[in-house]
Each structure stands twice: as C-alpha cells, then as structure tokens.
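Beneath this line is the structure, given in structure tokens, with notes to follow.
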There are 2 protein chains.
Amino acid sequence: MKRNSRLSLALHTLSHMAGDPSRMRTSADIAEHAGTNPVVVRRVLGRLRKAGLLTSEKGHSGGWRLAQAPEDITLADVYLALDERLVTGGDSDEAPACSVEKALHKRVTGVLEDVEQRLIQRLSETSISEVRGN
Amino acid sequence: MKRNSRLSLALHTLSHMAGDPSRMRTSADIAEHAGTNPVVVRRVLGRLRKAGLLTSEKGHSGGWRLAQAPEDITLADVYLALDERLVTGGDSDEAPACSVEKALHKRVTGVLEDVEQRLIQRLSETSISEVRGN
DNA sequence: AAGGCACGCAACACCGTTTGTTACGTGAGC
DNA sequence: GCTCACGTAACAAACGGTGTTGCGTGCCTT
Ligand code: FES
Ligand code: FES
C-alpha cells in the first residue's frame with residue numbers, strides 16, 4: 001500500500017518460521033536471508049514481539065521464535081502489530097473551524113476507516129501457515 | 001492514507017468551486033486560501049485538468065473552473081485523477097523465484113486490490129457538491 | 001568467573017519522495 | 001505593448017524510511 005517493506009519483511013520472516021516453528025533464528029541469519037541489516041530486523045520484529053507474536057531470547061543460543069501456533073497468526077495480526085494504519089492515526093490536524101473542511105475531512109476519514117476495516121477483515125482470512133514456508 | 005495532502009488540497013478546492021461553479025479562480029487565490037504556493041496548486045490541479053475535471057485559461061481573466069457539473073464529480077474521480085494508488089502501482093519487484101515470497105506477494109496484492117476497489121466504490125458515493133462549499 | 005553471543009536501543013548518515021520557491025516561457029486580454 | 005495567469009523546469013528544504021555503528025545488558029558456554 002503505502003511506504004512498505006516492513007510488512008514484507010515481517011511476513012517473509014514469519015512465513016519461514018511457520019515452516020519450522022521450533023527452530024531459533026538470529027537476527028543476523030534473518031537479515032542475511034532478507035538482504036538487509038540485523039538492526040533493521042530487530043526493529044520490525046520487536047514490534048511483533050510487543051504484540052505477542054514472537055519471543056526473543058538473548059545469550060548464546062538466543063534468537064527469535066514464534067510465540068503462537070502458526071495457524072493462529074493471521075496476516076491481519078502482523079499488519080496490526082506494526083501499526084501503520086491507513087488513516088494516518090490520530091493526527092492533531094489543521095483548522096478546527098471551517099465547516100467545509102471539517103465535513104470533507106469527516107467524509108474522507110469515514111470512508112478510510114471503513115476501508116481499513118475491510119482490509120483487516122480480508123487479511124485475517126489468511127494465516128501465516130497457509131503460505132508455504134520452505 | 002499514505003503521503004497525502006494533494007488529495008486534501010484537491011478536494012478542498014473543488015468543494016469551494018462546487019459552491020459557485022461559474023466563478024473563475026486563479027491559482028494565486030487558491031494557494032493563499034489553502035495556505036500553500038500557486039505552483040503547487042497548479043501542479044495538483046493540472047492533474048485534475050488532465051482527467052477532465054477542470055479547465056484552465058490563461059490571460060487576464062484566466063484561472064480555473066469546473067469542467068463538469070458539481071453533482072457529476074465524485075470523490076472517486078478526484079482520487080483517481082491524481083493516480084496515487086494504494087497498491088504501489090506496477091512496481092518491478094524483487095526476486096522472481098522464491099515460491100514463498102511469490103505466494104505471499106500474490107496474497108497481499110490480491111487483498112490490496114480488493115481493498116482499493118472498495119475504497120473507490122465508497123468514494124464514488126459522494127459528489128463534491130454534497131460537501132457544502134461556502 | 002570470564003568470554004562470547006545475541007538482543008535492545010540510541011545516534012547518525014544516506015536516500016527517495018514530497019512540498020515549497022524561483023525563474024522563465026506562452027497565450028489571452030486590455 | 002503591457003499585464004495577467006497558466007505551464008514547466010530547476011532547485012532548495014523538509015520528511016520519513018532504511019542502513020550502520022556503537023554501546024549496554026542478559027544468558028549461555030567453558
Ligand atoms: S477555508 Fe474553510 S473550507 Fe476553505
Ligand atoms: S528466500 Fe525467503 S522466501 Fe524465498
């Protein structure tokens with residue numbers, strides 16, 4: 001949709017994890033596989049952890065692992081975990097007055113919210129285990 | 001949704017025009033009213049003209065005017081006029097192989113297309129004349 | 001107990017997109 | 001001919017996303 005890549009990375013990684021949930025992966029592994037940087041991986045995976053989709057462990061045999069059964073994690077969960085909502089989340093917008101602008105804004109955000117609802121609904125129909133993880 | 005402001009500007013301007021379609025407005029007027037720059041106005045309004053929503057005239061009493069009846073211009077028309085599709089338009093994406101990545105991408109873009117469809121459908125339910133132009 | 005490993009986090013450089021600004025050309029009136 | 005307003009290009013500034021480095025903190029191995 002918008003300025004992605006985070007979603008792609010998250011989904012890609014989770015898909016692989018779904019293929020072998022017990023295996024522990026380091027951010028370095030993931031980064032190399034995804035062609036990016038370990039820190040970047042930790043950044044986005046961190047959000048997923050905060051949402052309870054992943055767990056991370058430090059130390060020698062540390063790394064990342066799914067916190068739930070692959071079948072229970074839907075694409076919507078992932079989308080929501082990295083909260084990049086369509087509706088540009090509660091922004092302290094411009095002119096409060098101006099009847100027209102207000103009406104306009106209301107209309108548009110109304111539609112947007114409806115659409116986002118739809119998006120989430122559609123995403124929730126697929127789990128990460130339904131996308132073959134090699 | 002994404003990196004907007006163009007949509008806002010377009011909608012705001014058209015709403016005002018809908019309130020008094022015969023009146024001719026200059027980009028300078030519009031820019032001042034919208035708190036931006038004339039060139040910026042021309043840029044975005046130019047797209048609307050290309051889409052047949054507006055006409056522009058040079059010379060002394062030149063400016064911008066609606067090319068259609070206000071009731072015939074829907075929000076969807078405006079949205080489509082400045083083509084900033086949600087689905088990040090036909091990008092020549094990454095790795096062609098990788099069954100997983102491909103399946104994933106397909107799923108996501110599928111949903112996205114459906115959602116964008118919905119967005120357009122919802123936007124088309126409202127015309128710019130339905131938003132009080134003072 | 002010491003060393004190493006992997007995450008957590010902050011700071012910063014880099015880059016692409018968007019927005020704003022200046023400048024100049026063109027056509028339509030006056 | 002002069003002015004007005006658009007059309008367009010070029011460039012600067014602002015913004016957000018991504019990549020990188022550095023350092024701190026647990027945890028496991030030895
Ligand atoms: S200023 Fe209020 S709508 Fe234009
Ligand atoms: S490389 Fe991870 S899906 Fe192909």
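Not measured: the values here are computed from a predicted model. Quick note on labels: first sequence line is chain A, next is B, and so on, each numbered from 1.
- Comparing C/dT18, C/dA23, C/dA6 against the side chain of B/V39 picks out C/dA23 as the nearest.
- Distance NZ (A/K50) to P (C/dG8): 11 Å, rounded to an integer number of Å.
- As a whole-Å value, the separation of A/H60 NE2 from C/dC7 P is 12 Å.
- In this structure, A/D29 places its CG atom 14 Å from P of C/dC5, rounding to the nearest Å.
- When hydrophobic clusters are built by joining Ile, Leu, Val, Met, Phe, Trp and Tyr residues whose side-chain heavy atoms come closer than 4.5 Å, directly or via intermediates, A/W64 is not grouped with A/V39.
- Of the candidates D/dG7, D/dG17, C/dG8, D/dG7 carries the atom nearest the B/R49 side chain, counting heavy atoms from C-beta on.
- Atom CZ in A/R47 sits about 14 Å away from atom C1' in C/dC9, given to the nearest Å.
- A donor-acceptor contact under 3.5 Å is not formed by the side chain of B/R43 with the base of D/dG7.
- The 5' end of DNA chain C is approached more closely, in terms of each residue's nearest nucleotide, by A/R42 than by the other of A/R42 and B/N37.
- When rounded to the nearest whole Å, the span between CG of B/L45 and P of D/dG7 equals 9 Å.
- Closest to the side chain of A/T36, out of C/dG20, D/dG19, D/dG7, is D/dG19.
- Across the protein-nucleic acid pair, B/R65 atom CZ and D/dC6 atom C1' stand 14 Å apart, rounded to whole Å.
- Listed pair B/R25 / D/dA5 fails the phosphate criterion, with no side-chain N or O lying under 4.0 Å from OP1 or OP2.
- Rounded to whole angstrom, the span from the CD atom of B/E57 across to the P atom of C/dC30 amounts to 12 Å.
- At whole-Å resolution of the value, CH2 in B/W64 and P in D/dC6 are 7 Å apart.
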Begin with the C-alpha distance, continue with both residues' side-chain angles, and end with the deciding distance and a verdict on side chain to side chain contact (heavy atoms under 4.5 Å, CB included) for A/D114 and B/R122.
CA-CA 9 Å; A/D114 171 78; B/R122 296 288 273 103; 3.1 Å; yes

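- A donor-acceptor contact closer than 3.5 angstrom links the side chains of A/R107 and B/T126.
- A sub-4.0 Å separation between OP1 or OP2 of D/dA5 and a side-chain N or O of B/S27 is absent.
- Using a 4.5 Å heavy-atom threshold, the side chains of A/L123 and A/L80 count as separate.
- Using a 4.0 Å heavy-atom criterion, one finds that B/S61 contacts no nucleic acid atom at all.
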